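Indexing begins at 1, ligand by ligand and atom by atom, following the structure's order. Computed from a prediction, not measured in an experiment: that's the story for all the values here. No hydrogens, no waters, no symmetry mates; every other heavy atom, side chains included, goes into these values.
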Amino acid sequence: MISLYGVSKRYYERGERADQGFEALSSVSLEIGQGKIHGIIGASGAGKSTLLRLLNGLEKPDEGDVLVNGQNLTGMSEQHLRQARQSIGMIFQHFNLVSNRTVIGNVCMPLELAGGSSRAERTARGMEVLRFVGLEDKAKQYPAQLSGGQKQRVAIARALASRPSVLLCDEPTSSLDPQTTSGILDVLRHVNQTLGVTIVVVTHEMEVARRLCHQISVMKEGRIIRTLSEAEVSSIPEPQPDMLTSLLLHDSAVDMTDRNVSASDHTEQGGHRHDT
Ligand SMILES: Nc1ncnc2c1ncn2[C@@H]1O[C@H](COP(=O)(O)OP(=O)(O)OP(=O)(O)O)[C@@H](O)[C@H]1O
């Protein structure tokens, strides 16, 4: 379970007073249930990445509380934060692999940093997570020898190595072509369904959010202006990006029910958020 209560975050230029600065997040409250896939969408600058960074303690809120797995990250010491982060994996748009390490070397990095395991134990766990993402045959290669989709699979394997209960994804498919995107969405679903990992996905790709997520929160100017329930997300016809675009562009919540198609329309169109 992930909870944000009244979270605000300001960024300051050098020399600015506490009442100045730019408010990137403004009184954000949100609850994400355990085992859910939750999307965060919004225009550039809406505060999506800031919200994600608060969830692994990379940023501290100025006000409010951030709880992950019942632990309040706000006010935690660096040492406790490091421990808490072991149950929070993260992947990025540009994969962030270390170029001079092999695939298995990259995947084992979090285990090395955590300490307390032998090299043989780390390698065994690394091979296990590489198998999970379908890349055990690439263990000895270097990132430069892999495609974009393979690099993101390695990044997912690395994030899973320390058995996290939460996976944070910052624009995980924005660098990938549509076919590779579908493959990565399959892997993320597999992570969620097989391992029960709660996933939070920041994306500007409305269709990715619709296909992958149970719920979707829409952000605008540092606020969550709407959270779509599972029923509402399931009801979004495929593909109808205009509806989500209008959610991004207007403050007032769009009445989804006016635009919902009936259950039979939905079936006829073959629309299902887990279609790829
Ligand atoms: N370290 C920082 N210092 C100052 N301002 C920042 C900093 N990080 C983010 N901001 C500002 O806060 C606002 C929210 O940024 P954030 O990166 O969270 O938005 P975003 O929705 O993820 O945008 P994008 O989709 O472009 O990545 C933006 O106006 C950004 O310029």
Looking at [X], which atoms of ligand 1 are within less than 4.0 Å of one of its heavy atoms?
X: Thr50; value: 15 (O), 16 (P), 18 (O)
X: Ala43; value: 21 (O)
X: Arg53; value: 8 (N)

Would [X] count as a polar contact of ligand 1, with the cut-off being nitrogen or oxygen pairs under 3.5 Å?
X: Phe22; value: no
X: Ala24; value: no
X: Glu171; value: no
X: Lys48; value: yes

Nearest protein heavy atom to [atom], by residue and atom, and its distance?
atom: atom 26 (O) of ligand 1; value: Ser44 OG, 2.5 Å
atom: atom 2 (C) of ligand 1; value: Tyr11 CD2, 3.4 Å
atom: atom 19 (O) of ligand 1; value: Gly47 N, 3.3 Å
atom: atom 27 (O) of ligand 1; value: Ser49 OG, 3.8 Å
atom: atom 23 (O) of ligand 1; value: Gly45 N, 2.8 Å

#### Entry: Short N-O contact, Arg131 and Glu128, less than 4.0 angstrom
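Here Arg131 does not pair with Glu128 in a salt bridge, since their nearest N and O are not under 4.0 Å apart.
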
### Query
If you group Ile, Leu, Val, Met, Phe, Trp and Tyr by side-chain heavy-atom gaps below 4.5 Å, do Met127 and Val187 land in one group?
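Met127 clusters together with Val187.
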
### Shortest non-hydrogen contact from Tyr11 toward Arg53
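In this case the closest contact between Tyr11 and Arg53 is OH-NH2, 2.8 Å.
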
### Task
Work out which heavy atom in Ala209 is nearest to a heavy atom in Thr203; give both atom names and the distance.
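Taking Ala209 first and Thr203 second, the nearest heavy atoms are CB-CG2, 4.0 Å.
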
### Query
Are there more than 12 heavy atoms of other residues, nucleotides or ligands under 6.0 Å from atom CD of Gln20?
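More than 12 within 6.0 Å, yes.
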
### Task
Verify the neighbour count for atom CD of Gln34: are there more than 12 heavy atoms of other residues, nucleotides or ligands below 6.0 Å?
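Incorrect, the count does not exceed 12.
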
### Message
Using heavy atoms and a 4.0 Å limit, tell me yes or no: is Gly222 in contact with ligand 1?
### Response
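In this structure, Gly222 fails to qualify as a contact of ligand 1 - no heavy atom is under 4.0 Å.
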
### Query
Is it true that Gly42 lies under 4.0 Å from ligand 1, counting heavy atoms only?
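Distance cut 4.0 Å: Gly42 fails for ligand 1.
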
### Task
Look up atom CZ in Phe95 and atom CG in Leu176, then write down how far apart they are to the nearest 0.5 Å.
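Those atoms lie 5.0 Å apart.
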
### Message
Once rounded to the nearest 0.5 Å, what's the spacing between atom CZ of Arg189 and atom SG of Cys213?
### Response
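It comes to 9.5 Å.
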
### Task
Test side-chain hydrogen bond (donor to acceptor under 3.5 Å, both in side chains) on Arg85 and Ser162 and set out the steps.
CA-CA 10 Å; Arg85 278 200 200 107; Ser162 46; over 6 Å; no

### Task
Check the side chains of Ser217 and His38 for a donor-acceptor pair under 3.5 angstrom, ignoring hydrogens and angles.
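Indeed, the side chains of His38 and Ser217 share at least one donor-acceptor pair under 3.5 Å.
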
### Message
Among all the protein's heavy atoms, is there at least one whose distance to atom 6 (C) of ligand 1 comes out below 4.0 Å?
### Response
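Yes, there is a protein heavy atom closer to it than 4.0 Å.
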
### Message
Any protein heavy-atom neighbour for atom 31 (O) of ligand 1 (distance below 4.0 angstrom)?
### Response
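Under the 4.0 Å cut-off, atom 31 (O) of ligand 1 has no protein heavy-atom neighbours at all.
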
